[in-house]
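Below is one structure, written out as structure tokens, with a few remarks after it.
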Amino acid sequence: MSDHRPESARSASEAVPADAGLEPPGDQPQESRPGLAPDNGATAADPPSTEREPEDVEDTDETEEPLDSADVLRRLAGLLGDSGRIDVGDMQVQGQNATGHGALAIGTVNVTAAATAGGGRVWAETLSESTVREVAFAYATAASDQQLDRQLKQRHLVCLSGPTGSGRFTSALVASARRHGFGRVGVLGVEQLADLLGTNSGPRSGCGYVLRLSDETVCSVDGYTLVALAARAETHGVTLLLVGDFSRRIQDLSGHVVEHRPPPAEEVFRTRLRRELTVPCVGFCADGCAGGCVERYVDEECVRHPLLATYLGGEPRPREVVAVVQAIARTAPRAAALTARLAELLPRQLRERAARILDAEDGAGASVGWSRDQVRAFRLSCAVLVGLSASEIRLAADRLVAADGLGYADRLVSADAPMPPATVPLRLRGTTVDQLLGTTLRAAVVAPADGWAVGAAHLQFAAGSEQLRSAVLDVAWTDWYPPRVLLGWLADLVRAEQPAVRQAAAGAVGWTASRDVQAALDTVRDLARERRAGVRQAAAIVLVAMAMQPHLRQRVRAELDRWAAGSAGHLRDTVARAHELGLARLWPDAALVQLRLVASARMQRWNNSVVRGLVEVYQSGHASALVPDLVEWTRSPDREVPLHAARTLRVLAERWARPPREHWPELLDLARTGVITDDDLATLWATALSLPETAYRSWRTLGSWLNRADGQPEVAGHVLALLRLVVAGRIPLRRRLHHQLRHVWHPVMPRNALLADVGQLIDEDNR
């Protein structure tokens with residue numbers, strides 16, 4: 001039915017009030033609220049108590065950032081992984097040692113000299129046509145190939161720039177073959193680049209040569225040498241492709257450099273596996289094989305495999321992808337055998353990438369005056385503080401350098417040893433951050449283009465690269481930093497002022513528990529005793545992160561049982577916060593037990609963490625266990641325990657069922673279907689309507705139920721039946737209901753026909 005009441009009238013009893021949700025600590029009793037006259041049958045309001053536990057008196061005033069438990073669990077899963085994650089172990093990969101064109105194509109084997117000139121300082125080899133064809137057949141087209149082809153048509157000398165293992169050498173060979181033909185591709189080797197200018201016997205005319213340069217040679221290349229080499233190549237009618245990492249020389253060698261942009265890892269995998277499979281049939285083709293089973297094996301069994309899909313989504317280097325392809329192609333494993341093979345191989349490559357990130361190359365921070373230790377700290381901070389700005393990451397790196405310097409001073413010299421120098425002040429713009437990240441980490445990190453240019457970039461790991469974060473932490477824990485230094489640094493970040501820094505560092509502390517659970521428990525216990533509520537919130541995130549690791553759950557459960565049953569108010573508060581932030585979804589049964597113990601603490605009268613934890617239990621599908629427990633709470637002699645039960649009822653009463661039953665209160669719909677009982681629901685309502693701390697908003701919510709039920713006969717019948725149970729035998733509540741009906745609901749809902757039935761219900765009880 002339509003409602004023509006003024007907005008001011010409707011807002012008094014309909015819908016959830018603007019400040020819906022959990023009432024603030026110390027909610028005013030209903031008799032002190034405007035618009036509600038005292039009633040002789042109402043429960044008198046208790047004066048607010050000032051008694052608190054000794055620890056609570058020192059609680060500092062701090063604004064907390066509201067957190068969503070689903071978001072907390074999602075972010076922690078990115079760091080800790082789930083059942084489908086790539087596990088990280090203490091394994092190393094030394095690279096491919098195979099010989100032949102396959103290894104040549106991924107840049108792992110040096111070509112031996114086939115011809116010499118100039119006293120052995122220059123050597124050259126022309127590759128066989130069959131070798132080049134096989135390389136090209138297994139080649140996945142790179143995004144930079146068209147630009148490289150145009151440059152080779154216009155110039156006789158081109159520099160192809162890319163990091164080691166990116167497929168740059170293979171791209172150069174295939175580009176030379178496209179330019180000159182499969183039988184006219186060669187490779188060169190020199191001790192010094194200038195030696196090419198002094199050789200007497202020139203290369204074969206009409207050929208394309210590829211020369212791979214070391215990082216030292218790239219740094220020594222000058223424009224004069226390039227011009228001279230280009231002139232010599234033009235004289236002999238050849239093209240010369242110099243392959244190396246020219247990323248720092250692009251401006252100096254402008255016009256000569258093409259940046260290699262490798263194809264997606266998935267495309268490299270598909271193309272290479274089709275080529276590498278040596279068996280003609282990988283299926284169970286009964287009437288002969290036409291080759292279709294190979295395509296299905298590559299596309300359906302391999303590429304869609306959860307482990308491999310996650311790995312390829314992280315865009316590993318082509319060299320790493322080829323290693324995986326070769327391991328699969330030997331036996332073409334399927335189902336469980338494929339899973340076992342991937343579980344063995346992928347963690348090794350993941351850890352190898354992490355080791356390259358932290359083992360900062362020489363001169364990585366030279367352009368900005370940073371040492372290798374500072375660069376390493378910056379990269380580790382990126383893995384910990386994912387999603388934050390480069391400036392915040394840089395400040396965290398400064399803390400780590402200082403903490404590490406103090407740690408070594410304690411061990412080697414004395415406490416008076418000088419602190420390591422602070423990083424040189426600089427603007428962290430895009431090019432500077434690129435240098436500090438290095439090629440491997442930069443390939444896994446994304447940031448908005450606008451923020452990247454002005455130095456306000458928020459660094460995120462690309463989709464599929466999340467597991468690299470835990471691999472970086474693992475390498476830092478085992479190879480670079482003493483555990484006490486790393487844990488001390490993370491705990492220092494948890495105590496920082498910025499909420500985002502605290503929360504990110506808390507997840508990393510939870511990760512360390514898999515390496516040293518006792519050290520992590522000692523750290524989180526210290527954090528949980530902090531007076532600052534924001535730090536305790538971060539400590540709760542640590543507990544959730546620890547509980548997400550199955551092998552740690554028993555230790556964490558036992559620790560929280562002790563905290564919940566103890567007398568330390570801040571520790572008990574942290575238990576409630578942990579359940580609020582997702583622990584209740586993981587352990588609903590434990591949540592009901594531990595939250596019951598925490599609820600009796602006087603400190604929780606001024607907090608809503610217990611209620612939020614109970615709501616988490618409800619939302620995870622355990623209403624049938626929660627509601628009977630709350631009914632038991634209402635009978636507790638501890639005054640705070642029934643209060644939390646009433647607060648929980650009031651919050652849950654504001655939830656509405658999903659379409660097409662959106663006109664049903666969710667709790668009432670659960671009672672209709674038998675998930676919870678009408679008697680239990682009535683008991684909770686009676687408690688919420690009677691306690692001064694929850695009565696005001698509970699009566700308002702009940703009014704919104706009546707308003708929504710008007711015109712819905714089925715809903716109205718269940719609401720009236722529930723009201724009959726609520727007031728049955730409770731004279732003060734019957735008087736309050738009469739007061740509400742006469743002085744509140746009738747004035748604001750004059751056209752609600754259901755109110756007449758409520759009046760008859762009161763009269764029935766009077767008889």
Side-chain angles (χ1 to χ4, degrees), residues 25 52-67 69 72 75-76 384-385 388 392 395-396 399-400 402-403 406 483-513 516-547 555-556 558-583 594-595 597-599 601-610 612-613:
R52 298 192 182 187
E53 296 178 17
E55 190 176 349
D56 305 335
V57 177
E58 302 176 0
D59 213 15
T60 59
D61 186 16
E62 180 181 58
T63 302
E64 299 175 62
E65 178 184 353
L67 297 178
S69 59
V72 170
R75 284 186 289 174
L76 290 176
V384 173
L385 303 182
L388 301 187
E392 291 170 313
L395 292 175
R399 291 187 178 192
L400 177 56
L406 284 175
R484 68 183 183 88
V485 170
L486 199 57
L487 263 175
W489 170 62
L490 292 173
D492 186 36
L493 293 181
V494 171
R495 294 183 174 94
E497 295 297 329
Q498 301 86 352
V501 173
R502 292 198 299 259
Q503 295 154 22
V509 174
W511 174 92
T512 65
D516 191 337
V517 62
Q518 190 57 53
L521 284 174
D522 292 341
T523 300
V524 73
R525 188 184 299 109
D526 291 339
L527 296 173
R529 292 182 182 276
E530 290 277 344
R531 292 181 298 167
R532 294 167 56 196
V535 177
R536 297 200 303 276
Q537 183 187 64
I541 295 176
V542 177
L543 294 171
V544 176
M546 294 172 68
R555 290 286 300 273
V556 178
E559 188 75 8
L560 292 186
D561 283 341
R562 285 192 292 270
W563 291 9
S567 59
H570 287 160
L571 293 182
R572 299 169 82 176
D573 181 61
T574 304
V575 173
R577 291 175 184 274
H579 286 296
E580 167 194 346
L581 296 179
L583 196 60
Q594 293 175 356
L595 289 175
L597 295 172
V598 175
R602 188 71 171 171
M603 177 181 184
Q604 294 307 313
R605 175 179 285 270
W606 291 271
N607 291 285
N608 285 311
S609 297
V610 170
R612 293 192 181 103

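Heavy atoms only: backbone and side chains are in, while hydrogens, waters and symmetry mates are out.
- A distance-only check finds a donor-acceptor pair linking the side chain of Arg536 to the backbone of Glu530 [under 3.5 Å].
- Minimum heavy-atom separation, Leu543 to Trp563: CD1-CZ3, 3.8 Å.
- For the atom pair Leu395 CG and Gln498 CD, the distance stands at 7.5 Å (nearest 0.5 Å).
- Across Leu493 and Ala505, no two heavy atoms sit closer than the pair CB-CB, 3.5 Å.
- Taking the side chain to side chain donor-acceptor pair (under 3.5 Å) definition, one finds that Gln594 meets it with Asp561, His579, sequence neighbours left out.
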Leu583 and Leu560: CA distance, side-chain angles, deciding distance, side-chain contact (heavy atoms from CB on, under 4.5 Å) verdict: CA-CA 11 Å; Leu583 196 60; Leu560 292 186; 3.4 Å; yes

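- Nearest heavy-atom pair, Ala491 versus Thr523, reported as atom, atom and distance to 0.1 Å: CB-CG2, 4.0 Å.
- Of all heavy-atom pairs spanning Leu595 and Ala576, the tightest one is CD2-CA, 3.9 Å.
- Residues Leu67 and Glu580 form no side-chain contact, since every pair of their non-hydrogen atoms from C-beta on lies 4.5 Å or further apart.
- In terms of the side chain to side chain contact (heavy atoms under 4.5 Å, CB included) criterion, residue partners of Asp516 (sequence neighbours excluded) are, by chain and number, Trp477, Gln518, Ala519.
- Using a distance-only test at 3.5 Å, with no hydrogens or angles considered, a donor-acceptor pair links the side chain of Trp489 to the main chain of Ala396.
- A salt bridge links Asp522 with Arg525: the distance from a Lys NZ or Arg NE/NH1/NH2 to an Asp or Glu carboxylate oxygen falls below 4.0 Å.
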Full working for side-chain contact (heavy atoms from CB on, under 4.5 Å) between Trp511 and Leu490: CA-CA 11 Å; Trp511 174 92; Leu490 292 173; over 6 Å; no

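- A donor-acceptor contact shorter than 3.5 Å is absent between the side chain of Arg555 and the backbone of Met546.
- Summarising the geometry, atom CD belonging to Gln537 is positioned 6.5 Å from atom CZ belonging to Arg577; distances are rounded to the nearest 0.5 Å.
- Going from atom CG of Leu486 over to atom OG1 of Thr512 covers 7.5 Å, rounded to the nearest 0.5 Å.
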Audit row: Arg572, Met603, side-chain contact (heavy atoms from CB on, under 4.5 Å) steps and yes/no: CA-CA 9 Å; Arg572 299 169 82 176; Met603 177 181 184; over 6 Å; no

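- Gly534 and Arg502 make their closest contact through O-NE, 3.5 Å (heavy atoms, listed as atom of the first residue, atom of the second, distance).
- Taking each heavy atom of Thr574 and Ala539 in turn, the nearest pair found is CG2-CB, 4.0 Å.
- For the side chain to side chain donor-acceptor pair (under 3.5 Å) test, residues two or more places apart in sequence or in another chain that qualify with Arg562 are Glu559.
- Contact of the Asp573 side chain with the Val598 side chain is not registered, since no non-hydrogen atoms from C-beta on lie closer than 4.5 Å.
- Once rounded to the nearest 0.5 Å, the distance linking CG of Leu527 with CD1 of Ile541 reads 11.5 Å.
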